[in-house]
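First listed ligand is number 1; within each ligand, the first listed atom is number 1. FYI, the numbering just counts along the sequence from 1.
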Amino acid sequence: MRITVLAGGVGAARFLRGLKAAAPRADITVIGNTGDDITLFGLRICPDLDTVMYTLGGGIDEAQGWGRAADTQTVLSELAAYGAEPGWFSLGDRDIATHLHRTSLLGAGMPLSEVTALLCRRWQPGVRLLPMSDDPVETHVVLAGDGQTIHFQEWWVRLHAQTPATGFVISGVERATPAPGVIEAITNADVVLLPPSNPVVSVGPILAVPGVAAAVRAKTVVGVSPIIGGAPVRGMADKCLAAIGVPTSAAAVGAHYGPDLLNGWLVAEEDAGADRDPGLAGVAVRAVPLLMSDPQAAAAIASAALNLARELTP
Ligand code: GDP
Ligand code: CA
């Protein structure tokens with residue numbers, strides 16, 4: 001079975017670990033969001049690709065959900081001693097090695113998709129991990145009031161998404177082309193899965209790459225709600241949804257993806273009423289436990305998504 005997943009960071013990575021356990025023989029391609037990417041201290045940092053790579057490769061800081069296990073911050077504290085800016089982004093020493101290696105390979109002219117494949121040779125994530133595009137794309141946040149735009153990371157990490165936003169600009173996306181293999185992985189998939197990632201700033205930028213949404217719409221697509229009982233499970237997805245005028249509910253997020261894209265939508269048991277939402281007309285809604293409290297729970301969610309996909313496959 002060929003499965004293609006559009007992935008953000010922590011929510012996607014935990015779901016993918018469950019998917020590998022639920023479908024050990026499947027051929028899984030992961031298309032990762034690069035809208036969160038940023039250059040700091042001269043280093044190109046790809047948070048979502050790295051979260052997937054470290055989680056599936058066994059190198060993640062489990063409690064934090066991102067970054068390397070048992071990491072230290074010697075380099076960061078040395079930078080702080082120089083007063084180097086910015087002071088608000090956390091980077092561990094082990095993690096910095098990844099960014100140094102990636103930045104030097106990119107500097108030598110290697111496209112991000114090849115760099116990612118090279119980094120994955122060490123981590124052996126057990127999936128094919130592709131960036132959505134080799135072209136630089138950056139999610140910027142439009143702040144309420146003066147309409148100033150700032151990089152997504154500055155809003156998320158420095159401002160903790162507390163400054164109201166009125167929208168997002170996915171800078172460069174209209175000129176971006178899907179990375180090699182992206183459209184093929186979607187077209188050749190038996191099923192496309194949307195993990196419980198942030199619909200606005202994780203899955204949204206991937207779908208905004210020209211050609212991707214149309215390819216996805218042609219497939220059997222099952223999504224998993226990142227919203228349970230009217231709140232994100234972790235993080236501040238509610239702030240992103242508010243910025244684009246979508247209520248923080250499983251039904252509204254499903255309706256935001258819409259019946260054109262989604263065939264099936266998994267919601268938590270407390271959100272079972274979502275199937276009556278007019279915005280989900282024509283979408284098969286199923287209610288199952290959606291808390292990824294451990295890898296077994298994540299595997300059960302992935303199984304439910306695959307079962308629903310089988311049921312819906314023509
Ligand atoms: P990020 O890039 O690291 O923010 O990660 P993602 O975009 O992949 O995932 C973030 C989303 O995962 C948030 O909106 C969370 O609500 C969702 N999430 C995290 N843990 C769980 C969980 O256990 N169950 C569900 N259903 N969603 C989760
Ligand atoms: Ca992210």
**Q** As a check for students: among A268, G9, G32, identify the option with a heavy atom nearest to atom 2 (O) of ligand 1.
**A** G9
**Q** Just to confirm my output: which protein heavy-atom neighbour is closest to atom 26 (N) of ligand 1, and how far is it?
**A** S225 O, 2.9 Å
**Q** N/O of M292 under 3.5 Å from N/O of ligand 1, yes or no?
**A** yes
**Q** Considering only non-hydrogen protein atoms, determine which one is nearest to atom 24 (N) of ligand 1 and report residue, atom name and distance to 0.1 Å.
**A** L290 O, 2.7 Å
**Q** Starting from atom 19 (C) of ligand 1, which protein heavy atom do you reach first, and at what distance in Å?
**A** R234 CG, 3.5 Å
**Q** Students should be able to answer this: which protein heavy-atom is nearest to atom 9 (O) of ligand 1, and at what distance?
**A** G11 N, 3.2 Å
**Q** Look at E85 together with R158 and state whether they make a salt bridge at an N to O cut-off of under 4.0 Å.
**A** no
**Q** Quick one: look up the protein heavy atom nearest atom 7 (O) of ligand 1 and list residue, atom name and how far away it is.
**A** S202 OG, 2.6 Å
**Q** Mind checking whether L291 has a heavy atom under 4.0 Å from ligand 1?
**A** yes
**Q** Where the closest heavy atom to atom 27 (N) of ligand 1 is concerned, which of A7, P196, G35 has it?
**A** P196
**Q** Quick one: look up the protein heavy atom nearest atom 10 (C) of ligand 1 and list residue, atom name and how far away it is.
**A** N198 N, 3.8 Å
**Q** Starting at NE2 of H99, measure out to OG of S104 and round the result to the nearest 0.5 Å.
**A** 13.0 Å
**Q** Do T103 and R44 have side-chain atoms, one donor and one acceptor, less than 3.5 Å apart?
**A** no
**Q** Can Y54 and D95 be counted as having a side-chain donor-acceptor contact under 3.5 angstrom?
**A** yes
**Q** Just to confirm my numbers, could you give the angle made at the Ca ion (ligand 2) by OD1 of D48 and OD2 of D36, rounded to 10°?
**A** 110°
**Q** Any nitrogen or oxygen of P232 lying under 3.5 Å from a nitrogen or oxygen in ligand 1? Just yes or no.
**A** no
**Q** How long is the span from the CG atom in D36 to the CG atom in D48, to the nearest 0.5 Å?
**A** 4.0 Å
**Q** Same cluster for V233 and V52 if Ile/Leu/Val/Met/Phe/Trp/Tyr side chains link at under 4.5 Å?
**A** yes
**Q** Within the distance-only criterion (no hydrogens, no angle test), does the side chain of R14 pair as donor or acceptor with the backbone N or O of P295 below 3.5 angstrom?
**A** no
**Q** Looking only at protein heavy atoms, which one is nearest to atom 14 (O) of ligand 1, and what is the separation?
**A** A237 CB, 3.4 Å
**Q** For the 3.5 Å polar cut-off, considering only N or O atoms, please tell me whether I228 and ligand 1 meet it.
**A** no
**Q** Is there a side-chain contact (heavy atoms from CB on, under 4.5 Å) between L143 and T166? Walk through the geometry before answering.
**A** CA-CA 6 Å; L143 299 181; T166 57; over 6 Å; no
**Q** Is the shortest N/O to N/O distance between S197 and ligand 1 below 3.5 Å?
**A** yes
**Q** If you measure only the distance, is there a donor-acceptor pair under 3.5 Å linking the side chains of T220 and N263?
**A** no
**Q** Any idea how F168 and W155 line up, ring-wise: parallel (<30°), tilted (30 to 60°), or perpendicular (>60°)?
**A** perpendicular
**Q** What atoms of ligand 1 come closer than 4.0 angstrom to any heavy atom of D48?
**A** 2 (O)
**Q** Report the distance from atom CG of L118 to atom CE of M110, rounding to the nearest 0.5 Å.
**A** 5.0 Å
**Q** For the 3.5 Å polar cut-off, considering only N or O atoms, please tell me whether V224 and ligand 1 meet it.
**A** no
**Q** Give the residue and atom name of whichever protein heavy atom lies nearest to atom 3 (O) of ligand 1, and the separation in Å to one decimal.
**A** V10 N, 2.9 Å
